[in-house]
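Comments concern the structure below.
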Number of protein chains: 2
Amino acid sequence: MASHADEPNVDAIVETLVYLYTESRRLTKAKAREFGLTGPQLTVIKMLDQLGKLSLSSLSSRIQARNSTVTGIIDRMEREGWVQRERSTKDRRIVLIKLTDQGKKLAGEIEVEPMEIFRDGLASLPTDDLSELFRILGVLQAHVRKAVKDSPDV
Amino acid sequence: MASHADEPNVDAIVETLVYLYTESRRLTKAKAREFGLTGPQLTVIKMLDQLGKLSLSSLSSRIQARNSTVTGIIDRMEREGWVQRERSTKDRRIVLIKLTDQGKKLAGEIEVEPMEIFRDGLASLPTDDLSELFRILGVLQAHVRKAVKDSPDV
DNA sequence: TGCCATTGCTTCGTGTGCGAAGTATTCACC
DNA sequence: GGTGAATACTTCGCACACGAAGCAATGGCA
């Protein structure tokens, strides 16, 4: 029910956003490769290094992926010996993920951030632009969150 | 060589951007499903409907994917009878992709845009914000393009 | 004209990414 | 305390997504 094609900028903005996301992800992946990691694996290992043990679910929501996706990622990381699954004693449904010693060592050697190129771009912006961007994206996020909530997921 | 963690907004912006992209893609995928399509297939069919015949390469660059990815997408769409491959006579290396009659019919029935939720959010913004966003994203894009050009792809 | 680098596409192997369905566990409520 | 709904995770099948390697066609240049 949206009326499109009334504001030509919209198409350009969407295109730019997709470009920024896709290309940043590609460059991150290429960097991660140098450490024998994939993109998502880099994100996970950094996150565990900073936050310690995390349940699979909280890991999923933090990296914006579904549990079924993260199960696979952790499977492969466990196979490589970087992480370890551990059943929570309080709630035996919960699987906690933690870095192994080898995983911690690897995490320490990595000097790359996920979406690093995009971050660098942001860092080069004047503070005012950063604030504006933060504000506007916030509005957009609220809009999308509402749409997600109202969508037929129930 | 970037100094991170100096501007707390950066992390939040990255997170928001990833959220917007991921969730918009998911919702598009869900909408596309109602027409028996996947997300990328929806994008391709809309594009071909608007632009007519396109080479596989130009299709790839327009949807921000690699040729090897698009080959697979077109394989499946051809299997469903929506598109057709056609060898260019001018340059026999080039494969032109075009909609079949069935594909055109389907394209006409679809009232969804790729990233529609994000577009809707943009449409609800005041014009000034839209311009600001356009400008700032443009700066970021220039930054990333430079990084891509300088990366060891050569 | 001939040769080689380049271009356009496909093939292959691996890793996401997801929904649907399944299992185990916990919770809510009676 | 027992039972059904809810939660946490896994499994499965399918569709991207990509790099590397391969093949065919084209172009550049001697």
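Naming convention: chains lettered A, B, ... in sequence-line order (proteins, then strands); numbering from 1 in each chain.
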Within the structure shown, what part of the strands sits under 4.0 Å from A:R76 by heavy-atom distance: base, sugar-phosphate, or nothing? base
What is the 5' to 3' range of DNA chain C, first to last nucleotide, that sits under 4.0 Å from any heavy atom of chain A? C:dG15 to C:dT26
Gap separating the CD atom of B:Q64 from the CG atom of A:L20, nearest 0.5 angstrom: 9.5 Å
Residue closer to the 5' end of DNA chain D, A:K29 versus A:R87 (nearest nucleotide): A:R87
Touch class at under 4.0 angstrom, heavy-atom based, for A:T71 against every strand present: base
N-O pairing of A:R76 and A:E80 below 4.0 Å: no
5' precedence on DNA chain C between A:G72 and B:L56 (nearest-nucleotide basis): B:L56
Please report the distance, rounded to the nearest Å, between CD in B:Q41 and P in D:dC14. 14 Å
When you check the gap from the basic side-chain N to the acidic O, do B:E116 and B:R119 get nearer than 4.0 Å? no
Does A:R145 make a cation-pi contact with B:Y19, if we ask for NZ or CZ under 6.0 Å from the ring centre and within 45° of the axis? yes
Starting at atom CD of B:E78, determine the distance to atom P of D:dA15, rounded to an integer number of angstrom. 15 Å
For a quick test of reading the model: is some side-chain N or O of B:R66 closer than 4.0 Å to OP1 or OP2 of D:dG19? yes
Nearest heavy atom decides the nucleotide; on that basis, is A:Q64 or A:T89 closer to the 5' end of DNA chain C? A:Q64
Please step through side chain to side chain donor-acceptor pair (under 3.5 Å) for the pair A:S58 and A:S55, ending with a clear verdict. CA-CA 5 Å; A:S58 71; A:S55 73; 3.3 Å; yes
In whole angstroms, the gap separating P of D:dC9 from CD1 of A:I73 amounts to 14 Å
Separation of A:N67 atom CG from D:dT7 atom P, in whole Å? 13 Å
In whole Å, what is the span from the CZ atom of A:R92 to the C1' atom of D:dA8? 12 Å
Are any of B:T38's side-chain N or O atoms less than 4.0 Å away from OP1 or OP2 of D:dA15? no
Does B:K90 or B:S68 map to a spot on DNA chain D nearer the 5' end, using the closest nucleotide for each? B:S68
Determine, for A:K146 against B:D120, whether the closest basic-nitrogen to carboxylate-oxygen distance falls under 4.0 angstrom. no
Whole-Å distance separating the CH2 atom of B:W82 from the C1' atom of D:dA15: 12 Å
Rounding to an integer number of Å, can you tell me how far A:D75 CG sits from D:dT10 P? 7 Å
Between A:D49 and A:K98 (salt bridge meaning N to carboxylate O under 4.0 Å), is one present in this structure? no
With a 4.0 Å cutoff (strictly under), does any side-chain N or O of A:R93 reach OP1 or OP2 of D:dT7? no
Heavy atoms under 4.0 Å, any strand shown: does B:D91 hit a base, just sugar-phosphate, or nothing? sugar-phosphate
